[in-house]
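A short write-up of the structure that comes next.
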Amino acid sequence: MAKAKGPTPQSQDFSAWYLDVIQMAELADYGPVRGTIVVRPYGYALWENIRATLDEMFKATGHQNAYFPLFIPMGFLQKEAQHVEGFSPELAVVTHAGGEELEEPLAVRPTSETIIGYMWSRWIRSWRDLPQLLNQWNNVVRWEMRTRPFLRTSEFLWQEGHTAHATKEEAEEETRRMLGVYVKFATEYAALPVISGLKTEKEKFAGAVYTTTMEAMMRDGRALQSGTSHFLGQNFAKAFDITFQDKDLEEKYVWTTSWGLSWRIIGGIIMTHGDDRGLIFPPKLAPIQVVIVPIYKSETRQEVLEAAATLQAELKAKGIRVHVDDRDQYTPGFKFNDWELKGVPFRIELGPRDVAAKTAVLASRLGGKETLPLGELAAQIPQKLEAFHQALYERARRFRDERTRVVDDYESFKEAVAEGFALAFHCGDIACEKTIQEETKATTRVIPFDAPEESGRCVRCGKPAAYGKRVVFARAY
RNA sequence: CGGGGCGUAGCGCAGCCUGGCAGCGCGCCUGCUUUGGGAGCAGGAUGUCGCAGGUUCAAAUCCUGCCGCCCCGACCA
């Protein structure tokens with residue numbers, strides 16, 4: 001047997017493992033410009049499934065898609081004080097076009113609150129124009145110092161939802177509803193266990209009144225912010241003069257929200273589920289759910305391929321995304337490893353012996369092989385995919401729970417964040433939070449919605465705790 | 001931006017110290033034999049040695065400058 005040719009083992013170098021699997025599984029490659037990536041067909045197919053799933057959920061909650069321009073006048077970004085402060089360091093700005101220097105430089109959108117706000121100020125006249133429930137799938141540019149495929153790239157794909165409402169209550173409800181959509185997507189589709197809640201003042205979106213988030217734990221114990229939903233209050237309404245005449249004849253500012261989920265979630269899927277053999281994709285999003293590997297000699301090639309084609313048709317009829325790997329130049333053993341690297345949940349091995357016995361071998365990416373009658377596969381695989389999803393989710397949840405510690409002293413806190421999440425009290429002071437970050441590299445990730453009410457003292461400075469509950473600290477991506 | 005590393009075939013690298021035919025492994029192409037956990041043999045193709053300048057009879061190798069990428073830190077979805 002030849003020596004292993006897989007990715008760098010996770011235990012040896014998690015970061016190298018991550019970069020290896022992305023390249024080897026052909027999800028993405030580096031672009032010629034620093035911090036850019038090319039998403040290859042297999043990776044893009046995953047993104048398309050993510051996008052299709054979320055898009056349907058957005059439409060089901062009453063949103064419509066639209067498209068706003070890539071270029072934003074610099075002046076727009078400067079209208080909201082916190083917003084400009086938050087984003088100006090990472091803006092890409094176009095200063096020349098058409099062979100001339102532009103009179104007003106154009107920002108390449110880092111997000112679209114401002115340009116949508118500008119348009120809303122023109123579109124919204126009366127309470128009858130509300131709510132505005134918009135979403136757009138697009139690319140944005142944020143010039144980051146340090147980049148990493150999917151997790152932090154100069155340009156990334158995402159969706160940004162933007163809504164405007166007549167009342168504060170309605171906007172806050174929308175903020176929570178859309179975070180709920182993300183949580184549902186994470187758990188029911190991506191098999192990612194997440195903790196949802198509020199961001200602290202230090203961590204919130206630049207320009208938001210508050211930010212809600214869902215946080216997941218990667219297999220190296222670090223946290224990944226996987227989707228955020230912001231209540232923007234009237235900050236952008238005031239900056240862009242978005243007003244309406246209400247039923248009571250008063251002229252009022254609208255209340256807005258925004259919410260986004262990016263291809264960063266792909267990084268989350270990779271780092272939550274993957275193992276030393278490569279990726280493991282959650283079945284509902286996997287570009288290929290079942291791969292059939294035919295096994296044949298030249299004299300049995302035709303009959304095996306025919307049996308594979310028949311099986312493929314039966315699975316397709318059940319709505320299963322199935323692929324037959326009929327590449328002649330690779331041996332079955334090579335293909336087994338290749339599809340495991342690519343994270344396909346189930347593999348069906350079909351050889352002459354199986355064809356003769358009218359059976360096939362079903363192998364799960366989570367381990368285990370079983371021999372099943374050919375005629376039963378199509379009927380059984382849907383439930384097996386469902387069970388696979390559940391097992392994947394449970395495995396991730398167990399991992400997270402094992403690496404989450406309740407801590408009340410700073411030494412235990414440091415140990416906890418070195419390997420996972422720490423549930424601790426904090427005084428709520430931004431300076432104290434920054435000190436913790438400097439000393440431990442950990443930041444507050446989320447003030448969980450569902451944490452029990454508790455009072456205590458700040459894990460670092462001992463002052464009375466804010467928030468009325470423990471908060472999650474972790475090193476973050 | 002600070003610290004470190006690296007640019008030689010598609011990928012990974014050797015060659016550089018001590019200047020003298022540009023190499024190795026993998027991959028790729030052709031053929032035959034193989035095929036139930038990363039096949040074997042034989043034959044073959046592939047280079048702006050990151051870029052520019054300099055020294056020299058001669059530069060991947062020595063000198064100068066530049067560029068790019070990766071890794072580690074501070075900001076971020």
Seminar exercise, completed: In Watson-Crick or G-U wobble terms, with both distances under 3.5 Å, the base opposite B:C69 is B:G5

For this session: Take atom CG of A:Leu341 and atom C1' of B:G37, then tell me their distance rounded to the nearest Å.
Result: 14 Å

Problem set entry | Spacing of the P atoms in B:G19 and B:G5 (rounded, Å) | 25 Å

Exercise. So what does A:Asp328 hit on the nucleic acid, given a heavy-atom distance under 4.0 Å: a base, only sugar-phosphate, or nothing?
Worked result: nothing

Problem set entry | Phosphate-side-chain proximity, A:Gln437 and B:A74, N/O vs OP1/OP2 below 4.0 Å | no

For this session: Determine the contact category for A:Gly260: base if any of its heavy atoms lies under 4.0 Å from a base atom, sugar-phosphate if only primed atoms, P, OP1 or OP2 are that close, otherwise nothing.
Result: nothing

For this session: With RNA chain B as reference, determine whether A:Ala476 or A:Pro7 sits nearer its 5' end, using the nearest nucleotide of each.
Result: A:Pro7

For this session: Considering only atom P, compute the distance from B:A58 to B:G20 and round it to an integer number of Å.
Result: 14 Å

For this session: Rounded to whole angstrom, note down the C1' distance from B:A59 over to B:C70.
Result: 27 Å

Exercise. Which part of the nucleic acid, if any, lies within contact of A:Arg277, taking any heavy atom under 4.0 Å across all strands shown: a base, the sugar-phosphate backbone alone, or nothing?
Worked result: base

For this session: Would you mind reading off the distance between A:Leu91 atom CG and B:C76 atom P, rounded to a whole angstrom?
Result: 14 Å

Tabulated below should be each protein N or O lying under 3.5 Å from an N or O of nucleotides 44-46 of chain B; please produce it.
none

For this session: Compute both the distance and the angle, then confirm whether A:Arg219 meets the cation-pi test with A:Tyr18: under 6.0 Å from the six-membered ring centre, within 45 degrees of the axis.
Result: no

For this session: Please determine, for the side chain of A:Pro332, which listed nucleotide (B:A77, B:C72, B:U35) has the closest atom?
Result: B:U35

Exercise. For B:A58, which nucleotide in any strand shown is its Watson-Crick or wobble partner with both distances under 3.5 Å?
Worked result: none

For this session: Look at the side chain of A:Phe334 and decide which nucleotide, out of B:G36, B:G37, B:A39, has an atom nearest to it.
Result: B:A39

Problem set entry | Options B:G36, B:C76, B:A39, nucleotide nearest the side-chain atoms of A:Arg152 | B:C76

Problem set entry | Ring-face cation contact, A:Tyr42 with A:Lys342, 6.0 Å cut, 45° max | yes

Exercise. Expressed as a whole number of Å, how far does the C1' atom of B:A45 sit from that of B:A9?
Worked result: 10 Å

For this session: Can you label the angle between the A:His230 ring and the A:Phe205 ring as parallel, tilted or perpendicular, going by 30° and 60°?
Result: parallel

Problem set entry | Inter-nucleotide C1' distance (B:C1, B:C75), Å rounded | 12 Å

Exercise. Cation-pi between A:Arg142 and A:Trp158: NZ/CZ under 6.0 Å from ring centre and within 45° of the ring axis?
Worked result: yes

Seminar exercise, completed: As its Watson-Crick or G-U partner within any shown strand, both distances under 3.5 Å, B:C28 has B:G44

Exercise. Between the main-chain N or O of A:Leu285 and the side-chain N or O of A:Asn49, is there a donor-acceptor pair closer than 3.5 Å?
Worked result: yes

Problem set entry | B:G38 base stacked by A:Tyr330 (centroids within less than 5.5 Å, tilt under 30°) | no

For this session: With heavy atoms under 4.0 Å as the rule, sort A:Val293 into base, sugar-phosphate or nothing.
Result: nothing

Problem set entry | Residue closer to the 5' end of RNA chain B, A:Ala363 versus A:Glu90 (nearest nucleotide) | A:Ala363

Problem set entry | Test item: side-chain donor near acceptor, A:Tyr210 and A:Glu172, under 3.5 Å | yes

Seminar exercise, completed: As its Watson-Crick or G-U partner within any shown strand, both distances under 3.5 Å, B:A52 has B:U64

For this session: Rounded to the nearest angstrom, tell me the gap between atom CH2 in A:Trp47 and atom C1' in B:A77.
Result: 11 Å

For this session: Nearest 0.5 Å please: distance from the NZ atom of A:Lys434 over to the CD atom of A:Glu439.
Result: 14.5 Å

Seminar exercise, completed: Whole-Å distance, A:Leu19 CG to B:C6 C1', equals 16 Å

Problem set entry | Electrostatic pair A:Arg460:A:Glu433 at N-O distance under 4.0 angstrom | no

Exercise. Mind checking who B:G23 pairs with, Watson-Crick or G-U wobble, both distances under 3.5 Å?
Worked result: B:C13

Problem set entry | Complementary nucleotide for B:G36 - Watson-Crick or wobble, under 3.5 Å | none

Problem set entry | Listed nucleotide nearest any side-chain atom of A:Glu144, set B:C75, B:G37, B:U35 | B:C75

Problem set entry | Pairwise C1' distance, B:C49 and B:A22 [rounded to whole Å] | 8 Å

Exercise. To the side chain of A:Glu340, which of B:G36, B:G37, B:A77 is closest?
Worked result: B:G37

Exercise. With rounding to whole Å, what would you report as the distance between B:G12 and B:C28 at their C1' atoms?
Worked result: 15 Å

Exercise. With a 4.5 Å limit on heavy-atom distance, are the side chains of A:Asn135 and A:Trp259 in contact?
Worked result: yes

Problem set entry | Side-chain (A:Glu80) to main-chain (A:His83) donor-acceptor, under 3.5 angstrom | yes

For this session: Please work out if A:Gln225 contacts a base, only the sugar-phosphate, or nothing of the nucleic acid, heavy-atom cut-off 4.0 Å.
Result: sugar-phosphate

Problem set entry | Minimum-distance nucleotide (side-chain atoms of A:Arg353 versus B:G73, B:A39, B:G36) | B:G36

Exercise. Using atom P of each nucleotide, how far apart are B:C26 and B:C16 to the nearest Å?
Worked result: 23 Å

Exercise. From the list B:A77, B:G37, B:U35, which nucleotide is the closest neighbour of the side chain of A:Ser298?
Worked result: B:U35

Exercise. Picking from B:A77, B:A39, B:G36, which would you name as closest to the side chain of A:Thr331?
Worked result: B:A39

Problem set entry | Nucleotide B:A77, atom C1' - distance to CZ of A:Arg222 in whole Å | 15 Å

Exercise. From B:C76, B:C28, B:U35, pick the nucleotide closest to the side chain of A:Tyr296?
Worked result: B:U35

Exercise. Contact class for A:Lys369 (heavy atom, under 4.0 Å): base, sugar-phosphate, or nothing?
Worked result: base

Problem set entry | Nearest-neighbour nucleotide for the A:Tyr30 side chain, B:C76, B:U35, B:C70 considered | B:C70

Problem set entry | cation_pi(A:Arg347, A:Phe336) dist<6.0 Å, angle<=45 | yes

Exercise. For A:Thr443, which contact category applies under a 4.0 Å heavy-atom criterion: base, sugar-phosphate, or nothing?
Worked result: nothing

